[in-house]
Engineer: 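Once you've had a glance at the structure underneath, I'll fire off some questions.
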There are 2 protein chains.
Amino acid sequence: MTKALPPTDAKRMHEIAEKLHSGALRLLRRLRKFDSEAQISAPKLSALSVLVFGGPQGLNDLAGAEQVRAPTMSRLVAELEADGLVRKTTDAADRRGIKIAATAKGQALMERGRARRLQHLTAAIAALPADERKALAIAGPLMLKIASQ
Amino acid sequence: MTKALPPTDAKRMHEIAEKLHSGALRLLRRLRKFDSEAQISAPKLSALSVLVFGGPQGLNDLAGAEQVRAPTMSRLVAELEADGLVRKTTDAADRRGIKIAATAKGQALMERGRARRLQHLTAAIAALPADERKALAIAGPLMLKIASQ
DNA sequence: TGACTTAGTTAGCAAAACTAAATATATTAT
DNA sequence: ATAATATATTTAGTTTTGCTAACTAAGTCA
């Protein structure tokens, strides 16, 4: 069952990608369980999260990011705005467009969930040997870099 | 703006956790955009994903994992079953329970999305310098380990 | 045995998500 | 100026989600 020959470069890249993907997926899925308050639906929470972690953006961009049609996102944003979690401002340069941004309240909401997740993740990391911790310390910023390419 | 003193251990752990968390989050959010087919609603896709990547399980476990009540999951599973993506078998040992498992069709559906995501991730990884790639190769399995604690 | 617990389902209902089509308004191109 | 395009919203409708309460069936306990 052991590999007799060294895998090709392409194979190795793919294997790293595979493991990274499933690792990230499973980790976040696990941490998600510690969220449990929020008082806000999944689609709205997801949209708010995009705004908090990805910065202010227009309606179509946000709809695209969330893979919904514009009217759907328009409603979600209106509801988030009614809850005081988001603010809409008309773009001065192009006055058809709006800029949707998370309010302090919206950021605080995401922050509370994030804090709970981080509490558990921090504990897990603290229990690791130093070399493994080191690898994770490098990997975090790297994933971010890949994500923003 | 530079740190005059070395941060405490607790602070370092927390910072690693922070970066890892946001890195994983942003990376997956980015890769998610390459999904775009599926033809299945988000709650169902998420449940199916749990089954494919987490293995067969009972209704209550699945409901817990997805943070929904049992009746809701019961219906979602029934719909997935009607689509041939999932199979229910009664547990021989405890005949109240059922075991819900993804079918080959269900696995294939997830696999297609996964393949598209991996294609992009592999390309990004291949473009990295060797040492960074190395860190990611270690981080993937590590995140998985943390997730399954 | 009979009472209790556990796993899952069914029924009925309210809320939410999502869509296409139509509309208002601003911008760009001819 | 006029037509075409782009951004966002409203309307009107369907579909899906998700809940509680009530139920069936199987296991456990005393």
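Chain naming here is simple, since letters A, B, ... match the order of the sequence lines and numbering starts at 1 in each.
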Engineer: Round to the nearest Å and state the distance from A/Asp61 atom CG to D/dA8 atom C1'.
Structural biologist: 13 Å
Engineer: For A/Lys88 and D/dT9, is the shortest distance between a side-chain N/O and OP1 or OP2 below 4.0 Å?
Structural biologist: yes
Engineer: Round to a whole Å and report the spacing from CG of B/Leu62 to P of C/dA7.
Structural biologist: 14 Å
Engineer: Whole Å only: how far is the CZ atom of B/Arg69 from the P atom of D/dT20?
Structural biologist: 5 Å
Engineer: Do B/Arg29 and A/Ser49 pair up side chain to side chain, a donor and an acceptor below 3.5 Å, judged on atom types alone?
Structural biologist: yes
Engineer: Do the non-hydrogen side-chain atoms of A/Asp91 and A/Ile98 ever get within less than 4.5 Å of each other?
Structural biologist: no
Engineer: Look at B/Asn60 and C/dG8 and indicate whether a side-chain polar atom (N or O) is within less than 4.0 Å of OP1 or OP2.
Structural biologist: yes
Engineer: So, B/Glu15 and B/Lys19, do they make that salt bridge, N to O below 4.0 Å?
Structural biologist: yes
Engineer: To the nearest angstrom, how far is A/Leu45 atom CG from C/dA16 atom C1'?
Structural biologist: 15 Å
Engineer: Closest nucleotide of DNA chain D for A/Gly97 versus for A/Ala42: which of these residues is on the 5' side?
Structural biologist: A/Gly97
Engineer: Please check if the side chain of B/Arg30 supplies one atom and the backbone of A/Gln149 the other of a donor-acceptor pair under 3.5 Å.
Structural biologist: yes
Engineer: Among the candidates D/dC19, D/dT17, D/dT9, find the nucleotide nearest to the side-chain atoms of B/Leu76.
Structural biologist: D/dT17
Engineer: Is the number of heavy atoms from other residues, nucleotides or ligands within 6.0 Å of CD (B/Gln39) greater than 12?
Structural biologist: no
Engineer: Please check if the number of heavy atoms outside A/Lys99 that lie under 6.0 Å from its NZ is greater than 12.
Structural biologist: no
Engineer: B/Pro43 near the nucleic acid: base, sugar-phosphate alone, or nothing, with a heavy-atom cut-off under 4.0 Å?
Structural biologist: sugar-phosphate
Engineer: Rounded to whole Å, how long is the line connecting atom CD1 of A/Ile98 with atom C1' of D/dA6?
Structural biologist: 14 Å
Engineer: Which is more 5' along DNA chain C, the nucleotide nearest A/Lys44 or the one nearest B/Ser74? Just name the residue.
Structural biologist: B/Ser74
Engineer: Any ion pair linking A/Arg75 and A/Glu81 (charged N to carboxylate O, less than 4.0 Å)?
Structural biologist: no
Engineer: Ion pair present between A/Glu111 and A/Arg114, side-chain N to carboxylate O less than 4.0 angstrom?
Structural biologist: yes
Engineer: Nucleotide by nucleotide, 5' to 3', does protein get under 4.0 Å of the base (B), only the sugar-phosphate (S), or neither (-) in nucleotides 23-30 of chain D, counting heavy atoms?
Structural biologist: ---BS---
Engineer: Consider the side chain of B/Thr72, meaning its heavy atoms from C-beta on, and name the nucleotide among D/dT17, D/dG18, C/dT10 that approaches it most closely.
Structural biologist: D/dG18
Engineer: Short of 4.0 Å, heavy atom to strand atom, which residues of residues 49-56 of chain B count as contacting DNA chain D?
Structural biologist: none
Engineer: Can you check the B/Leu80 CG to D/dT17 C1' distance for me, whole Å?
Structural biologist: 13 Å
Engineer: From the options C/dT9, D/dA8, D/dT17, select the nucleotide whose nearest atom is closest to the side chain of B/Glu79.
Structural biologist: D/dT17
Engineer: Side-chain contact test, heavy atoms from C-beta onward, threshold under 4.5 Å: evaluate it for A/Leu80 versus A/Ile40 and give yes or no.
Structural biologist: yes
Engineer: Considering only D/dT17, D/dT9, C/dT9, which nucleotide approaches the side chain of B/Ser41 most closely?
Structural biologist: D/dT17
Engineer: Report the distance from atom CD of A/Gln67 to atom P of C/dT19, rounded to the nearest whole Å.
Structural biologist: 11 Å
Engineer: If you look at every strand shown and take non-hydrogen atoms under 4.0 Å, does B/Lys99 touch a base, only sugar-phosphate, or nothing?
Structural biologist: nothing
Engineer: Looking at B/Glu79 and B/Lys44, is any side-chain nitrogen of the basic one under 4.0 Å from a carboxylate oxygen of the acidic one?
Structural biologist: yes
Engineer: May I have the distance from A/Ile40 (atom CD1) to C/dA16 (atom C1'), rounded to whole angstrom?
Structural biologist: 13 Å
Engineer: Looking at B/Arg75, I'd like to know whether one of its side-chain N or O atoms comes within less than 4.0 Å of OP1 or OP2 on C/dT9.
Structural biologist: no
